[in-house]
Amino acid sequence: MIWTYSGSFYGFPGGWTTIAMQPISNQWAHYVVTGTSGDIRFYQNGELKDTKTWNWSATSSNSDFAISGTPGWNFGNYPMAGKISAVKVYKGKSFTEDEVKRNFSALRGRYGI
C-alpha cells in the first residue's frame, strides 16, 4: 500500500514507512514502483528516489489490488484527488533503472513533462 499524506509518500510493508519522494502537485508526473524479492525501487519522472526492503510479494498476497483508493482498511474512504492517465502492471518483470529512464523519456512529451 502506497499513499500520500501531508506532502509525502508513505507505504505499509508491515509497518508505516516514509518513501523519500515528494508528490508533484498540479502537473503530470510519471511514477514507477518496481522490484523483486522484497527490494522495491521508487522512481519519479525517470529518477530513482528511494529503495526499500519490503518482505512482501504480490504473488504471495491474498490482499485486494486497487489504484486510487484502497478497498477495505478504511483507506477506501480517501480516494486520490487527482487524475490518472495510464496504468500498466507487469507480472514477473522488474524494470532496471535504464529501462525506467527510457520509458519516461519516450512518454514525457505526451504529458508535457
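We number each residue from 1, following the sequence as shown.
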How long is the straight-line distance from [atom2] of [Y] back to [atom1] of [X], given to the nearest 0.5 Å?
X     : Y      : atom1 : atom2 : value
Glu97 : Arg102 : CD    : CZ    : 12.0 Å
Thr34 : Asp39  : OG1   : CG    : 9.0 Å
Ile19 : Lys49  : CD1   : NZ    : 13.0 Å

**Prompt:** Ignoring hydrogens and geometry, is there a side-chain-to-backbone donor-acceptor pair from Gln44 to Gln22 under 3.5 Å?
**Reply:** yes

Is there a donor-acceptor contact under 3.5 Å from the side chain of Asn45 to the main chain of His30?
yes

Check: So, for Tyr43 and Phe95, is the gap between ring centers shorter than 6.0 Å?
Finding: no

| said: Test of understanding: clusters of I, L, V, M, F, W, Y form through side-chain heavy atoms closer than 4.5 Å, transitively. Do Tyr90 and Leu107 belong to the same one? | reply: no

Between Ile24 and Val33, is there shared hydrophobic-cluster membership here, with clusters defined by ILVMFWY side-chain heavy atoms closer than 4.5 Å?
yes

Within a radius of less than 6.0 Å around NZ of Lys93, do more than 12 heavy atoms belonging to other residues, nucleotides or ligands occur? yes

Q: Kindly check if the number of other-residue, nucleotide or ligand heavy atoms within 6.0 Å of NZ (Lys101) is above 12?
A: no

Looking only at heavy atoms, the pair that brings Val100 and Gly46 closest together is CG1-CA, 4.2 Å

Closest non-hydrogen atoms of Ile40 and Phe42, given as atom of the first, atom of the second and distance, are CG2-CZ, 3.7 Å

Close side-chain approach of Phe104 to Val32, heavy-atom, < 4.5 Å: no

Sorted by chain and number, sequence neighbours left out, ring pair (Phe, Tyr, Trp, His ring centres under 6.0 Å) with Tyr31 holds for Phe9

